[in-house]
Amino acid sequence: MTRKALDVERIRNDFPILNRQVHGQPLVYLDNAASSQKPAAVVAAVSGYFLNSHANVHRGAHLLSVEATDAYESARAVVADFIGGRTRELVFTRGTTESINLVANSWGGANLAEGDEILLTLMEHHSNLVPWQLLAARTGAKLKFAGLTADGRLDLDDLTAKLGSRTRIVALTHVSNTLGVVNPVAEVARLAHEAGAICLVDGAQSAPHLEVDVVEIGCDFYAFSGHKMCGPTGIGALWGRKELLEAMPPWQGGGEMISEVRLDGSTWAAVPHKFEAGTPSVGDAVGLGAAVRYLSNLGLESIHAHEIELTEYALDRLTELDGFDLFGPRTDRVGVISFRYGDIHAHDLATILDARGVAIRAGHHCNQPLMHHLGVDATARASVYLYNTHAEIDALVDGLLAAKTLFGGFA
Ligand code: PMP
């Protein structure tokens, strides 16, 4: 298939929020790694669902319930297909965080014993660290961490050295939300399997930006969030290998997840419903389905190519600035650009940029252990998506220069 160049100006018209002003300036939205903006098609799908078809799902004695169930289940099929998975292997959750908690509680609770090891990396988001800490505290399992190379890549030699006969799971991020680096997750999944462990991939920063195929990656679980990929907040998914999902116990009990309930015990619905207790967030699932259709129509390859080109432009311009210091490698990355600029604190940079309409993020990015490793308490982070333009990168550069002037240069 030939790759189509993105028509960014047309795409921008799909996102009404991009036309608004902040502090009297045109919005330049460069905080996409935290959450993306939403195209009108997604908002229309959600409102269309609520205005026309809403009822509770899977209880279909009437037409609206049948329509709601169809809308929910067809969103599941579209979302599963988007990442190369089968529909019945896709569990809707509130997002990456809940997906990882599901695995830690259900798979982890059933499979980990004292002395077993959970191998993570130093660049994990708190969402792929704290659930494992809680599990370790409960089971007596130990956490180990693969280190990083000097330029901010995963140190595969260190990861291999830390994989041992007690390693039960390797859980790592596909793309670092601070360093922007793309990890060799297929290689890690292979190494994990060779060592007799399973592999969970945190796809929060990859599903929105890369063509993902969970079968090609060869992982056992893949977790992601709708709100970073043009979908609503409060919805995401866990893809898992069928054999694993089927063997795992439920993690939350209630309606929807049962087959039969008696006073002396219950049996469970088939996967994926076994993991979806209670009335699901149907409207959000419909919105995520619409987001996936929107991204797929444009083509992930085209979106990725646009972001890479824009990131190259940004890095060319930014690294020309005196005092600009990039965290993470220059290659094998996506458009998440973490940096320090002279001795101006990241929060000051973000505030000065905000006054000029430029939204970036400043802080630890839910990566406190990584911040300690990098020897900083915070970084500034600009992150691009399909609707960002070269002019917006220029606005970022101009804003940084203005910050330097405002501070009277660097100390
Ligand atoms: N992992 C990574 C790499 C992330 O960037 C994020 C979101 N910042 C998460 C997990 C958590 O995602 P959510 O808050 O949507 O559950």
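Indexing begins at 1, ligand by ligand and atom by atom, following the structure's order.
The closest approach between a heavy atom of His174 and any atom of ligand 1 is not below 4.0 Å. Look at Asn128 and you'll find every heavy atom at least 4.0 Å from all atoms of ligand 1.
Counting non-hydrogen atoms of other residues, nucleotides and ligands closer than 6.0 Å to CG of Asp322 gives a total of 12 or fewer.
For Thr96, heavy-atom contacts with ligand 1 shorter than 4.0 Å involve the backbone as well as the side chain. At a heavy-atom cutoff of 4.0 Å, ligand 1 is contacted by the side chain of His227 but not by its backbone. In Lys228, the part holding a heavy atom less than 4.0 Å from any atom of ligand 1 is the side chain.
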Side chain to side chain donor-acceptor pair (under 3.5 Å) assessment of Tyr222 paired with Asp213: CA-CA 10 Å; Tyr222 182 86; Asp213 185 329; over 6 Å; no
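In the vicinity of Ala204, heavy-atom distances shorter than 4.0 Å reach the ligand 1 atoms 1 (N), 2 (C), 4 (C), 6 (C), 9 (C), 10 (C). The contact set between ligand 1 and Asn177, taken as ligand atoms under 4.0 Å from a residue heavy atom, comprises 3 (C), 5 (O).
When Ser225, Pro208, Ala223, Ser99 are checked for heavy-atom proximity to atom 12 (O) of ligand 1, Ser225 turns out nearest.
Each of His126, His347, His373, His372 was compared with His364 under the ring pair (Phe, Tyr, Trp, His ring centres under 6.0 Å) criterion, and only His126 meets it.
Between His125 and ligand 1, a contact under 3.5 Å exists for at least one N or O pair. Residue Thr97 places at least one N or O, backbone or side chain, under 3.5 Å from an N or O of ligand 1. Between Thr173 and ligand 1, a contact under 3.5 Å exists for no N or O pair.
Arg330 has a carboxylate O that lies under 4.0 Å from a charged side-chain N of Asp316, or vice versa, which qualifies the two as a salt bridge. Checked for salt-bridge contact, Glu320 and Arg317 miss the test: no charged N lies under 4.0 Å from a carboxylate O. The pair Glu312-Arg333 does not meet the salt-bridge criterion, since no charged nitrogen lies less than 4.0 angstrom from a carboxylate oxygen.
Aromatic pair Phe339/Tyr341: centroids not less than 6.0 angstrom apart.
Nearest protein heavy-atom neighbour of atom 5 (O) of ligand 1: Gln205 NE2, 2.7 Å. Regarding atom 10 (C) of ligand 1, its nearest protein heavy-atom neighbour is Asp202 OD2, 3.3 Å.
Judged by a 6.0 Å distance limit and a 45° cone about the ring axis, Lys162 is not positioned over the six-membered ring of Phe145.
With sequence neighbours left out, Arg86 forms a side-chain contact (heavy atoms from CB on, under 4.5 Å) with Arg88, Glu89, Lys242.
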